Protein chains: 2
Amino acid sequence: MIPKRSKYAIQALKCLAKVYREKKHLSIATIAEEENIPRKFLETILLQLRNGGMVGSKMGATGGYFLVKHPDEIVLSSIIRATGGPIALLPCVSLNFYEECTECPHEELCGLHDVMLEVREASIHILSKTSLADLILREKKLLRKSENKRK
Amino acid sequence: MIPKRSKYAIQALKCLAKVYREKKHLSIATIAEEENIPRKFLETILLQLRNGGMVGSKMGATGGYFLVKHPDEIVLSSIIRATGGPIALLPCVSLNFYEECTECPHEELCGLHDVMLEVREASIHILSKTSLADLILREKKLLRKSENKRK
DNA sequence: AAATATACTACTAATTTAATAGGAATTAAA
DNA sequence: TTTAATTCCTATTAAATTAGTAGTATATTT
């Protein structure tokens, strides 16, 4: 499981992506309310994303946050990583949270390691091809689908 | 990430799978030593696996644990589940640890939910086709490969 | 100057997971 | 029949992680 932190980050960035074209920025409070995220917690998350170079901020009254890249270029895997969320199922196959198995004498001979690498690759493949723009597109499609169903 | 508990379970079962043909059984202490797992912790894990119907046990002196199914029939996904490890990256897409998103008004319209379902399916696909027997086979292949390299 | 933001960092609370403790029940063998 | 070796069971503690909060400094607009 990825931490809530990472999930909140994705939600917040999706929010910002929706106003990207209009070059608007949103305040923490606005995003927090819109997405039901605890305000102060969101604050620390956005700060982390800013330090990670994914969003920019403007201080002072009428300040707020905005994306510094096109929604097409921000993919889920990098958001998860920027917020400290591991994608792999075991530390010994994690790119960013790697830890040696104390029990495995030779990692490269471990069958479990081998399988878990495959799982990681499959997950990263999906998460790295899905951008904020894709996420929004998906939601449009889902909405259309559900509207057709209702007819 | 899956809990250590699940990883230990897989290691222990792999151990048992290796002696399955000879119809031998192994004591907790033996497995614990072989796999570098804290003995008392392993005890609770094996108990859980027994209650889950994956292994059998024999009490008393010369007692121990053994697989009740063929190593071909025990797959990684069921071991992980039997030991309480979630495979999905978010609670809202977990089959066994499902929890509703408090923030999502309509789960079926959420783009993130949609993507995470795909990730889950991809992971489960791999973990459900890999059995203990496969794991052992993989290790043989890895060993052969590394021996060829050394030449 | 007042109001409204972000910046920063330290702290607390809550939850989960890992590991241990300790004795009861069971079995085999001395 | 006693002893040693083992599983069975459940409660508890310890450790680590994550979630969330507090409070103050700094910047910007009106």
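All values reported here derive from a predicted model rather than from experimental measurement. Below, chains carry the letters A, B, ... as their sequence lines are ordered, and counting in each starts from 1.
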inquiry  = I'd like to know whether B:I80 forms a side chain to side chain contact (heavy atoms under 4.5 Å, CB included) with B:S77, so could you lay out the CA-CA distance, the side-chain angles of the two residues, the decisive distance to 0.1 Å, and finally the verdict.
reply    = CA-CA 5 Å; B:I80 294 173; B:S77 53; 5.8 Å; no

query = OP1 or OP2 of D:dC8 sitting under 4.0 Å from any side-chain N/O of B:S57?
reply =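 So the side chain of B:S57 is within the cut-off, an N or O lying under 4.0 Å from OP1 or OP2 of D:dC8.
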
task = Using only side-chain N and O atoms of A:R50, determine if any of them is under 4.0 Å from OP1 or OP2 of C:dA7.
result =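 A:R50 to C:dA7 OP1/OP2: side-chain N or O found under 4.0 Å.
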
Distance check needed: [N] [atom2] versus [X] [atom1], whole Å only.
X	N	atom1	atom2	value
B:M1	D:dT18	CE	P	9 Å
B:L26	D:dT6	CG	C1'	13 Å
A:H25	C:dT4	NE2	P	15 Å
A:K24	C:dA5	NZ	P	15 Å
A:F66	C:dA5	CZ	P	16 Å
B:Y65	D:dA5	OH	P	19 Å
B:E99	C:dT15	CD	P	12 Å
A:M59	C:dA3	CE	P	19 Å

Taking all non-hydrogen atoms of both residues, which atom of [X] and which atom of [Y] are closest, and how far apart?
X	Y	result
A:F97	B:M1	CB-CE, 4.4 Å
A:I87	B:L89	O-CD2, 4.0 Å
B:P86	B:P3	CD-CD, 4.1 Å

Check against salt bridge (Lys or Arg N to Asp or Glu O under 4.0 Å), A:K18 and A:E34 = CA-CA 12 Å; A:K18 283 179 181 166; A:E34 187 115 338; over 6 Å; no

inquiry  = Please check: side-chain N/O of A:D114 versus main-chain N/O of A:G111, any donor-acceptor pairing under 3.5 Å?
reply    = no

ask   = Does NE2 in B:H70 sit with more than 12 non-hydrogen atoms of other residues, nucleotides or ligands closer than 6.0 Å?
value = yes

Short of 4.0 Å, heavy atom to strand atom, which residues of [range] count as contacting DNA chain C?
range	result
residues 32-49 of chain A	A:R39, A:K40, A:E43, A:L47
residues 86-96 of chain A	none
residues 4-17 of chain A	none

request  = May I ask you to say whether B:E43 pairs ionically with B:K40, meaning some side-chain N is under 4.0 Å from a carboxylate O?
outcome  = yes

task = State plainly whether the residues A:R138 and B:E118 are in salt-bridge range, i.e. N to O under 4.0 Å.
result = yes

Stepwise side chain to side chain contact (heavy atoms under 4.5 Å, CB included) check, A:L47 with A:Y65 = CA-CA 10 Å; A:L47 213 50; A:Y65 281 92; 3.9 Å; yes

ask   = Between D:dT18, D:dT28, C:dA28, which one does the side chain of B:A61 approach most closely?
value = C:dA28

ask   = Could you give the distance from CD1 (B:I79) to CD (B:Q48), rounded to the nearest 0.5 Å?
value =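 Separation between the atoms: 12.0 Å.
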
